[in-house]
Amino acid sequence: MNKEIKEKIIQVCDEKIAKKGDNVGLSFYAFFKNKNDNPKLLMEVATWWIETHQLDHFEKAVKIKQMIKA
């Protein structure tokens, strides 16, 4: 994934954690607008989430942030 989407994922995770605490879960859709304006990037993140890491639909924001930073 490119640097911009990684930064966006970390930003969204930080916002969700700040609002709802360390236990908050999210899906990869949380990083995109309701209107799918970048299907290629959406599929790239979905592939990372589903195929590469075999994550559940909802995962803890803390976990995702940690994985992106690694």
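Source: prediction; values computed, not measured.
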Check whether the side chains of Glu7 and Gln11 place a donor and an acceptor atom closer than 3.5 Å, and report yes or no. no

Taking all non-hydrogen atoms of both residues into account, name the closest pair between Glu59 and Ile64 and its distance. CB-CD1, 3.9 Å

Considering all heavy atoms, the nearest Glu51-Gln54 contact: O-CG, 3.7 Å

From [atom1] ([X]) to [atom2] ([Y]), nearest 0.5 Å:
| X | Y | atom1 | atom2 | value |
| --- | --- | --- | --- | --- |
| Lys8 | Ile68 | NZ | CD1 | 13.5 Å |
| Lys63 | Asp56 | NZ | CG | 7.0 Å |
| Ile9 | Lys69 | CD1 | NZ | 13.0 Å |
| Leu42 | Phe28 | CG | CZ | 6.0 Å |

Just wondering, more than 12 heavy atoms not from Glu15 lying within 6.0 Å of its CD? yes

Counting neighbours of CE on Met43 that are heavy atoms of other residues, nucleotides or ligands and sit closer than 6.0 Å, is the number greater than 12? no

Given side chains that start at C-beta, do those of Leu41 and Phe31 come closer than 4.5 Å, heavy atoms only? no

Side chains of Leu55 and Trp48, heavy atoms from C-beta outward: is any pair under 4.5 Å? yes

Strictly distance-based, threshold 3.5 Å: is any side-chain N or O of Lys60 a donor or acceptor partner for the main-chain N or O of Asn23? yes

